[in-house]
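What follows is a set of notes on a single structure, which appears directly below.
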2 protein chains.
Amino acid sequence: MSIVVIITNMKRNTQQRQVILRLLSARKDHPTAEELYQEVRQEMPRVSMGTVYRNLDLLARKGEIRRIDGAAGPSRFDPVNDNHPHYRCPGCNRVFDLPRDLSLERLVDVPLLKKHGFTTDGLVLEVRKYCDVCRAAVS
Amino acid sequence: MSIVVIITNMKRNTQQRQVILRLLSARKDHPTAEELYQEVRQEMPRVSMGTVYRNLDLLARKGEIRRIDGAAGPSRFDPVNDNHPHYRCPGCNRVFDLPRDLSLERLVDVPLLKKHGFTTDGLVLEVRKYCDVCRAAVS
DNA sequence: ATGATTGCAAATCCTTTGCATTTGA
DNA sequence: TCAAATGCAAAGGATTTGCAATCAT
């Protein structure tokens with residue numbers, strides 16, 4: 001049994017935070033912090049990268065936006081060059097293969113994707129689950 | 001029309017390369033370069049991080065292993081906090097939403113995942129396709 | 001008033017790279 | 001032999017952080 005308390009203070013609705021959120025929301029693609037910084041700078045020339053990063057992180061942890069990068073932290077490597085799906089342990093952040101019966105083809109409608117012109121090559125599917133070690137640690 | 005030539009020299013089967021590949025293959029999880037480096041160092045104390053990185057990169061580009069990190073490059077942010085799937089353009093590396101009719105539920109067998117204890121929260125599904133801008137540029 | 005947030009700069013983390021030396025084919 | 005690959009150390013890009021000043025409540 002474990003109780004997780006997420007402390008996400010965000011007590012002030014600053015100019016910077018509003019502008020960052022507004023500009024991010026106005027975009028159809030999904031910009032990097034740097035790209036957003038350049039845009040924010042147009043209307044707030046004195047804003048700093050630190051502020052952009054801090055706010056994006058805060059908003060993401062509060063659940064108002066989402067950070068999209070399979071990778072939390074450094075790159076990981078798989079000896080098998082294949083599109084098989086992975087899961088990441090929220091505890092230790094390590095990555096593992098899904099059990100063999102949960103193959104990509106069984107989990108994902110690959111033909112439908114192909115019909116729409118998306119390549120299944122380089123496909124990324126990552127889900128989450130506590131690994132055995134971390135599960136044991138909290139029980 | 002564009003012809004892509006991938007030049008991946010790898011003319012020598014060095015001690016370092018063999019050890020790196022053997023140790024990576026022996027693992028069930030998917031280690032970072034740093035984790036692998038620590039392991040390689042046990043049997044090759046003089047190996048350098050540069051060599052580990054260079055070999056992992058070489059092996060990945062040759063297709064013998066796979067680099068797994070949704071993120072090529074810096075983090076990207078999505079104003080919608082939601083599990084919707086994305087595609088990445090191989091040309092400009094930007095990230096976009098899939099068309100609405102390709103919803104997560106339509107593409108992925110979420111119930112099957114849940115039945116196996118995987119959380120669909122924080123799920124990452126990323127496919128590839130050239131964006132309109134890059135498609136126009138090569139045609 | 002006062003504590004959250006900022007700008008700034010330095011620090012940190014991960015990764016790549018230049019170069020002289022070593023080594024596998 | 002001799003280019004590929006290494007070790008080392010320095011550079012690079014992305015992100016975080018310490019701190020004094022500022023600003024929202």
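Quick note on labels: first sequence line is chain A, next is B, and so on, each numbered from 1. Just the heavy atoms: all of them, side chains too, but no hydrogens, waters or symmetry mates, feed the values below.
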> Distance-only, no hydrogens or angles: does the Gln18(A) side chain make a donor-acceptor pair with backbone N or O of Asn13(A) under 3.5 Å?
Replying inline: yes
> Gln18(A) has an atom CD; how far is it from atom C1' of dT6(C), in whole Å?
Replying inline: 15 Å
> Between atom CD1 in Ile20(A) and atom P in dT5(C), what is the gap in whole Å?
Replying inline: 12 Å
>> Could you tell me how far apart Asn55(A) (CG) and dT16(D) (P) are, to the nearest whole angstrom?
In response: 12 Å
> So, Arg88(A) side chain and Glu126(A) main chain: donor-acceptor pair closer than 3.5 Å or not?
Replying inline: no
>> Between Lys28(A) and Asp97(B), does any side-chain N to carboxylate O distance fall below 4.0 Å?
In response: no
> Rounded to whole angstroms, how far apart are CE on Met44(A) and C1' on dC23(D)?
Replying inline: 11 Å
> For Leu56(A) and dT16(D), what is the distance between atoms CG and P respectively, to the nearest whole Å?
Replying inline: 10 Å
>> Please encode protein proximity along nucleotides 15-25 of chain C as a string of B, S and -, counting only heavy-atom distances under 4.0 Å.
In response: BBBB----BBS
>> Whole angstroms only, please: what is the CZ-C1' distance between Arg61(A) and dA4(C)?
In response: 14 Å
>> Between Arg22(A) and Glu43(A), does any NZ, NE, NH1 or NH2 come within less than 4.0 Å of an OD or OE carboxylate oxygen?
In response: yes
>> Expressed as a whole number of angstroms, how long is the span from Arg41(A):CZ to dT6(C):P?
In response: 17 Å
> Does some side-chain heavy atom of Leu107(B) sit less than 4.5 Å from a side-chain heavy atom of Leu98(B)?
Replying inline: yes
> Nearest-Å distance, CZ (Arg17(A)) to C1' (dT25(D))?
Replying inline: 13 Å
>> Surrounding CD of Gln15(B) (heavy atoms of other residues, nucleotides or ligands, distance under 6.0 Å), is the total greater than 12?
In response: no
>> Strictly below 4.0 Å: does Arg46(A) bring a side-chain N or O up to OP1 or OP2 of dC8(C)?
In response: yes
